[in-house]
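Here's the structure we're looking at; comments come further down.
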Number of protein chains: 2
Amino acid sequence: MISKNLTAASTKAIILGILKQGNSYGYLIIKKIKKMSGGKMEYSDGMLYPVLHRLEKDGLIQSNWTMSEDTRPRKYYEITEAGKQALLEEKEQWLQVNTVLEKLWNLKPDTNY
Amino acid sequence: MISKNLTAASTKAIILGILKQGNSYGYLIIKKIKKMSGGKMEYSDGMLYPVLHRLEKDGLIQSNWTMSEDTRPRKYYEITEAGKQALLEEKEQWLQVNTVLEKLWNLKPDTNY
DNA sequence: TCAATATACTTTGTAATTCTATGTATATAG
DNA sequence: CTATATACATAGAATTACAAAGTATATTGA
């Protein structure tokens with residue numbers, strides 16, 4: 001299981017990244033994440049839905065209910081332009097921290113930092 | 001500036017990683033992180049010291065005061081065996097999330113997740 | 001000489017956040 | 001016909017991070 005902190009730090013980028021692939025809805029997003037992570041990341045609905053609401057409030061995604069005869073009503077989310085921009089920023093920050101960690105993992109002792 | 005969440009998610013690995021390089025003390029650790037990140041990550045003392053105390057309480061690091069005639073008293077920290085183990089676990093978790101994010105960043109549209 | 005800044009560590013309290021738990025409801029599989 | 005899966009929502013308990021304030025010494029430079 002992935003730690004709380006790491007989950008929190010990656011949630012925004014993961015959701016935006018998934019929606020950049022194509023529109024989706026809460027329940028399916030949870031399953032996609034589980035599948036993508038090989039079961040290592042598992043969001044409860046109570047964890048995910050509030051995040052979706054916040055992202056929508058912040059204008060990074062937008063929703064619309066779809067009614068179909070085949071399935072139950074679903075609230076589909078779509079990434080906005082602001083959301084795509086936010087995703088780039090998330091990526092940049094992640095890579096920055098990743099760079100620091102890679103230095104530490106690969107470093108020989110007594111490197112001068 | 002790196003977001004709060006990302007900072008929180010990486011703090012433990014970064015501190016343990018730095019101490020694996022060699023013993024150090026709070027004030028210096030703050031400066032090392034700043035240097036390693038090119039100024040992007042900047043911990044306040046109020047942020048770092050409580051983390052050091054927690055890591056010590058958890059047995060991942062241990063401290064001893066050093067008195068010197070040249071400098072002021074410093075509390076040096078040293079990583080423990082348990083700390084080295086914890087660092088490996090942190091690394092593994094980070095890489096796991098990193099794998100998911102890389103998939104999302106590189107994915108072509110309509111990949112089946 | 002003395003003021004400002006850098007070094008060095010500590011802790012309290014609160015502000016913010018998280019997510020567990022609970023609720024609603026329908027569809028389907030066995 | 002019931003258990004499970006699908007689908008979304010939210011209140012509030014519980015946690016937690018960290019800004020702010022405190023203590024104290026060393027050094028720089030005006």
Side-chain angles (χ1 to χ4, degrees), chain A residues 1-15 18-19 23-35 39 41-58 60-78 93 97 113, chain B residues 1-15 18-19 23-35 39 41-58 61-78 97 113:
Chain A
M1 243 330 129
I2 302 297
S3 76
K4 217 163 103 171
N5 275 338
L6 249 183
T7 303
S10 55
T11 299
K12 191 173 168 181
I14 287 178
I15 293 174
I18 285 175
L19 292 179
N23 300 350
S24 192
Y25 56 96
Y27 193 83
L28 183 56
I29 291 173
I30 290 172
K31 293 207 299 179
K32 277 176 196 255
I33 295 174
K34 191 177 176 186
K35 190 173 175 191
M41 307 189 80
E42 198 167 358
Y43 285 83
S44 68
D45 45 4
M47 282 166 72
L48 191 80
Y49 288 113
V51 178
L52 289 173
H53 298 162
R54 178 164 57 75
L55 293 179
E56 182 167 33
K57 193 171 120 300
D58 294 344
L60 307 184
I61 61 180
Q62 59 191 24
S63 66
N64 64 308
W65 282 98
T66 55
M67 305 304 181
S68 153
E69 278 159 27
D70 305 336
T71 66
R72 311 178 40 194
R74 289 172 180 156
K75 200 177 191 177
Y76 269 86
Y77 287 95
E78 180 182 355
Q93 288 206 16
V97 178
Y113 280 113
Chain B
M1 242 330 129
I2 303 296
S3 76
K4 218 164 103 170
N5 275 338
L6 251 181
T7 303
S10 55
T11 299
K12 190 172 168 182
I14 288 178
I15 293 175
I18 285 176
L19 292 179
N23 300 351
S24 191
Y25 56 97
Y27 194 82
L28 183 56
I29 291 172
I30 290 172
K31 294 207 296 179
K32 278 176 195 254
I33 295 175
K34 191 177 176 186
K35 191 173 176 192
M41 306 189 81
E42 198 165 358
Y43 285 83
S44 68
D45 45 5
M47 280 166 72
L48 191 80
Y49 287 112
V51 178
L52 289 173
H53 298 162
R54 179 165 55 77
L55 293 179
E56 183 167 33
K57 194 171 120 304
D58 293 344
I61 61 180
Q62 59 192 26
S63 67
N64 65 306
W65 283 98
T66 55
M67 307 301 183
S68 153
E69 278 158 27
D70 306 337
T71 65
R72 313 176 40 193
R74 290 172 181 156
K75 199 178 191 175
Y76 270 85
Y77 287 95
E78 180 182 357
V97 177
Y113 280 114

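Convention: sequence-line order gives letters A, B, ...; per-chain numbering from 1.
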Is the closest side-chain donor-acceptor distance between A:Y43 and A:T7 under 3.5 Å? no
Would you say A:S44 places a side-chain N or O within less than 4.0 Å of OP1 or OP2 belonging to C:dC19? no
Would you confirm whether A:Q93, through its side chain, and B:M1, through its main-chain N or O, come within 3.5 Å as a donor-acceptor pair? yes
Please determine, for the side chain of A:N5, which listed nucleotide (C:dC19, D:dA17, D:dA7) has the closest atom? D:dA17
How many whole angstroms separate atom NZ of A:K34 from atom P of D:dA5? 10 Å
Over 12 non-hydrogen atoms of neighbours within 6.0 angstrom of NZ in A:K75: yes
Hey, does the side chain of B:Y49 come within less than 4.0 Å of C:dT10's phosphate (OP1/OP2), counting only N and O? no
D:dA21, D:dC8, C:dT11: which one has an atom nearest the side-chain heavy atoms of B:D45? D:dA21
Can you check the B:R74 CZ to D:dT25 C1' distance for me, whole Å? 12 Å
According to a strict under-4.0 Å criterion, is B:Y27 in side-chain N/O contact with OP1 or OP2 of C:dC9? no
Checking A:K34, A:K31, A:K32 against A:E42 for salt bridge (charged side-chain N to carboxylate O under 4.0 Å, His left out), the one that qualifies is A:K34
A:R54 CZ to D:dT10 C1', straight-line distance once rounded to whole Å: 16 Å
So A:M47, base contact, sugar-phosphate only, or nothing? Heavy-atom distance under 4.0 Å. base
Check the distance between C:dT18's C1' and A:L6's CG and give it to me in whole angstrom. 16 Å
Output yes when at least one side-chain N/O atom of B:K75 is less than 4.0 Å from OP1 or OP2 of C:dT10, else no. yes
Report the nucleotide, chosen from C:dT10, D:dT10, D:dA9, that has the shortest atom-to-atom distance to any side-chain atom of A:W65. D:dA9
Within this structure, what is the OH-to-C1' distance between B:Y25 and C:dT10, rounded to whole angstrom? 17 Å
Students often get this wrong, so: under 4.0 angstrom with heavy atoms, is A:G46 touching a base, only sugar-phosphate, or nothing? base
Regarding the side chain of B:K4, the nearest nucleotide among D:dA17, D:dT10, D:dC8 is D:dA17
Length of the line joining B:L48:CG and C:dT10:C1', which is rounded to integer Å: 12 Å
